[in-house]
Visitor: 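After the structure tokens below, expect a handful of questions from me.
Keep in mind the model is a prediction, meaning the values are calculated, not measured. No hydrogens, no waters, no symmetry mates; every other heavy atom, side chains included, goes into these values. Below, chain A is the first sequence line, B the second, and so on; all start at residue 1.
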There are 2 protein chains.
Amino acid sequence: MAERGRPRKFDREEALGRALELFWQKGFAGASLSELTAAMAINPPSLYAAFGSKEALFHEAVSLYGRTESPEIWLAMEEAPTAREAFDGFLRATAFSFTQPDKPRGCLIVLGALHADDTGSEAVCAALRKMRADNVTDLAARLRRAVDDGELPAGTDCDGVAAFYVTVQQGMSIQARDGASRETLLAVADGAMAAWDGLTGGTSTRGSTTDAAPRP
Amino acid sequence: MAERGRPRKFDREEALGRALELFWQKGFAGASLSELTAAMAINPPSLYAAFGSKEALFHEAVSLYGRTESPEIWLAMEEAPTAREAFDGFLRATAFSFTQPDKPRGCLIVLGALHADDTGSEAVCAALRKMRADNVTDLAARLRRAVDDGELPAGTDCDGVAAFYVTVQQGMSIQARDGASRETLLAVADGAMAAWDGLTGGTSTRGSTTDAAPRP
DNA sequence: CTCCTTTTTTATCGATCAATACATAAATCG
DNA sequence: CGATTTATGTATTGATCGATAAAAAAGGAG
């Protein structure tokens with residue numbers, strides 16, 4: 001079956017990439033239609049014909065972000081042999097991803113739509129919030145695997161540890177957006193890993209750190 | 001000299017408080033003028049006569065936030081005898097402040113204007129960014145004082161440690177906005193403090209950093 | 001070629017944005 | 001009292017928001 005009708009003049013994926021970059025930089029509500037169409041080099045009717053609506057375009061942009069930017073961050077989480085290396089690689093990859101010279105700073109999932117009531121963006125905000133919640137779930141799952149493997153004690157508070165590391169990563173989005181250097185973010189990652197032994201080592205409830213954890 | 005002209009019908013401070021709550025909840029760009037005037041129970045001309053502009057109103061709201069919400073968080077940072085207790089109290093007070101039942105979750109300074117290019121909010125965004133940067137400076141200053149006092153080793157990376165703890169606190173704003181419970185944020189604070197020994201000395205300063213954190 | 005489908009360009013649409021004109025109301029001053 | 005000053009309520013302002021209507025343009029199908 002061949003294509004009927006007038007052929008599209010622009011590259012859909014390239015236009016989506018331009019939209020992603022603008023959404024990444026200015027957020028869902030902050031990126032106006034006129035800015036989007038200018039960045040995508042198309043007219044509004046072409047945008048609506050190809051993507052449906054601003055919200056649908058944003059969802060597609062988030063999906064593209066997940067396919068292009070996220071894997072780099074989550075690679076270590078899946079492939080590292082130990083949970084400690086997984087979390088360390090996760091945070092270090094985050095520091096790199098959030099400070100790419102030619103891309104907006106920080107994470108689209110975190111910065112894209114924080115306020116639930118920006119112009120009709122409840123669904124958008126809820127979608128990103130769910131993705132952030134899924135991230136916590138994924139980190140906790142990796143920790144439970146480490147408990148099953150015997151790497152971590154049975155009493156490890158996997159949810160609490162996951163919440164801590166996700167919080168650090170989300171804070172790194174703010175820091176990156178504020179202009180923090182890659183070195184600063186790597187130092188933050190090191191700081192978070194300095195808590196590893198204290199968090200996962202024992203059955204402690206609070207503040208019972210063992211010894212320092214030098215980086216490999 | 002007495003007040004001339006028709007007296008103001010509304011309480012300026014109370015109206016400012018309503019504006020603060022709305023800005024806190026929806027951000028600078030997300031809080032529209034019609035929403036603001038509705039929340040403040042006044043008409044637009046009264047708003048402009050009393051505050052000048054939406055941006056000026058926001059700056060006053062931020063100032064009110066700094067006078068009412070910030071001191072609780074920064075009290076421990078000034079009064080705690082040791083840097084460790086100062087940072088622990090700082091994070092624990094943050095966990096409490098970010099999860100007050102009758103107030104918006106998270107921090108206005110962090111969530112109020114993240115994207116520099118929301119509708120003419122460059123100045124607003126820059127002001128908040130500066131306040132966030134000043135927070136890092138304050139934390140680093142407290143650490144340097146601890147180095148001078150001999151509590152921390154001379155080689156302590158005060159800027160790096162300050163960046164780490166500020167990053168955690170900023171991440172807690174995201175977490176709080178996503179619905180994290182007070183207990184979860186306290187667990188995050190505990191996690192951050194688990195890194196203290198490794199970050200601030202690494203070399204066996206455990207005598208000065210044992211259990212010294214009172215429960216509020 | 002003439003239909004048919006789809007995209008393109010141009011020019012908007014109504015709604016909402018932040019910000020004001022204007023006339024009236026309520027106080028003090030002389 | 002009248003004059004002055006300031007705040008209030010109503011009704012808009014021009015600009016911009018997201019989203020379309022309408023007609024011309026560019027292809028395949030018959």
Visitor: Whole angstroms only, please: what is the CG-P distance between B/Leu57 and C/dC17?
Guide: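 My rounded result for the distance is 16 Å.
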Visitor: In whole angstrom, give the distance that lies between atom CD of A/Glu35 and atom P of D/dA19.
Guide: 15 Å
Visitor: Kindly state each residue pair satisfying side-chain hydrogen bond (donor to acceptor under 3.5 Å, both in side chains) with at least one member in residues 13-22 of chain A, sequence neighbours excluded.
Guide: A/Glu14-A/Arg18
Visitor: Can you tell me how far apart CD1 (B/Ile174) and CG (A/Leu111) are? Round to the nearest 0.5 Å.
Guide: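 With rounding to 0.5 Å, CD1 (B/Ile174) is 7.0 Å from CG (A/Leu111).
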Visitor: Which residues within residues 7-15 of chain B lie with some heavy atom under 4.0 Å of an atom in DNA chain D?
Guide: B/Pro7, B/Arg8, B/Lys9, B/Phe10
Visitor: List the residues meeting side-chain contact (heavy atoms from CB on, under 4.5 Å) with B/Ala83, not counting sequence neighbours, and say none if there are none.
Guide: B/Arg142, B/Ala146, B/Glu151, B/Trp196
Visitor: With A/Asn43, which residues qualify under side-chain contact (heavy atoms from CB on, under 4.5 Å), at least two apart?
Guide: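 Per chain and number, A/Asn43 pairs via side-chain contact (heavy atoms from CB on, under 4.5 Å) with A/Pro45.
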Visitor: Which whole-number value in Å describes the distance from B/Leu33 CG to D/dA11 C1'?
Guide: 15 Å
Visitor: Run the side-chain donor-acceptor check on residues 60-68 of chain A: report pairs under 3.5 Å with partners two or more places apart or on a different chain.
Guide:
from    : atom 1 : to      : atom 2 : distance (Å)
A/Glu60 : OE1    : A/Arg12 : NH1    : 3.1
A/Glu60 : OE2    : A/Arg12 : NH2    : 2.8
A/Thr68 : OG1    : A/Leu64 : O      : 2.8

Visitor: Expressed in angstrom and rounded to an integer, what is the separation of B/Lys54 atom NZ from C/dT20 atom C1'?
Guide: 17 Å
Visitor: Can you list, by residue number, the residues of residues 39-49 of chain A that have a non-hydrogen atom closer than 4.0 angstrom to DNA chain C?
Guide: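 Listed by number, they are A/Asn43, A/Pro45, A/Ser46.
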Visitor: Any side-chain N or O of A/Ser34 under 4.0 Å from OP1/OP2 of D/dC17?
Guide: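 Yes, within the criterion.
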Visitor: Specify the residue among A/Arg6 and B/Arg6 whose closest nucleotide of DNA chain C lies further upstream toward the 5′ end.
Guide: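 Final value for this comparison: A/Arg6.
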Visitor: Rounded to the nearest 0.5 Å, what separates atom NE2 in A/His59 from atom CG in A/Leu57?
Guide: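 Rounded to the nearest 0.5 Å, the NE2-CG separation comes to 10.0 Å.
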Visitor: Shortest non-hydrogen contact from A/Gln169 to A/Thr94?
Guide: NE2-OG1, 3.0 Å
Visitor: Which heavy atom of A/Ser173 sits nearest to which heavy atom of A/Phe98, and what is that distance?
Guide: OG-CE2, 3.2 Å
